[in-house]
Amino acid sequence: MRTIIFYRTDSGKCPVEKFLDSLKPKQAKKVLWVLQLVEELDRVPTQYFKKLVSTEDIWEVRVQVGKDIFRLLGFFEGSRLIVLNHAFQKKTQKTPARVIALAKKRKRDYLRRKKK
């Protein structure tokens with residue numbers, strides 16, 4: 001079983017919570033359902049959870065609601081804790097490089113502040 005937490009900036013803002021709050025109720029319900037799968041299933045189908053290639057261990061939670069596609073990016077801290085640090089609505093086939101760069105930056109920030 002895994003545990004998911006959301007990254008917070010140094011000032012206490014939570015980008016993932018802000019994104020979830022912007023969703024329609026049906027969309028938010030599906031995202032929360034997928035997050036529950038990721039936490040509870042030992043082997044999560046890649047349809048819902050997958051490591052991004054060449055990204056310093058950035059993982060994506062994958063959610064589709066009708067034609068809307070959402071991604072929540074994050075990383076593992078240890079073997080069971082997932083820190084989600086970015087979320088967005090996907091509009092292109094490939095995950096934009098700037099989005100991956102932001103997830104990497106937030107990962108470094110989280111780990112740096114955790115050491116203190």
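With salt bridges taken as basic N to acidic carboxylate O contacts below 4.0 Å, one links Arg8 and Glu17. In this structure, Glu60 pairs ionically with Arg71, as a charged nitrogen and a carboxylate oxygen lie closer than 4.0 Å. A salt bridge links Asp109 with Arg112; the closest basic N to acidic carboxylate O contact falls under 4.0 Å.
In terms of modelled atom types and a separation under 3.5 Å, the side chain of Asn85 and the main chain of Arg106 share no donor-acceptor contact. Using modelled atom types, one side-chain atom of Gln64 and one backbone atom of Gly66 make a donor-acceptor pair closer than 3.5 Å. Arg80 contributes no side-chain N or O that, together with a main-chain N or O of Arg2, makes up a donor-acceptor pair within less than 3.5 Å. The main-chain N or O of Asp21 is never found under 3.5 Å from a side-chain atom of Lys18 such that the two would form a donor-acceptor pair. Under a 3.5 Å cut-off, the side chain of Lys107 and the backbone N or O of Glu56 do form a donor-acceptor pair. Side chain of Thr9 to main chain of Lys13: a donor-acceptor pair is present (N/O by atom type, distance under 3.5 Å, no hydrogens or angles).
Residue Thr55 holds its OG1 atom at 6.5 Å from NZ of Lys104, rounded to the nearest 0.5 Å.
Ring pair Trp59/Phe49: centre-to-centre distance below 6.0 Å.
Screening Val16, Leu52, Leu84 for a side-chain contact (heavy atoms from CB on, under 4.5 Å) with Leu73, the sole residue that qualifies is Leu52.
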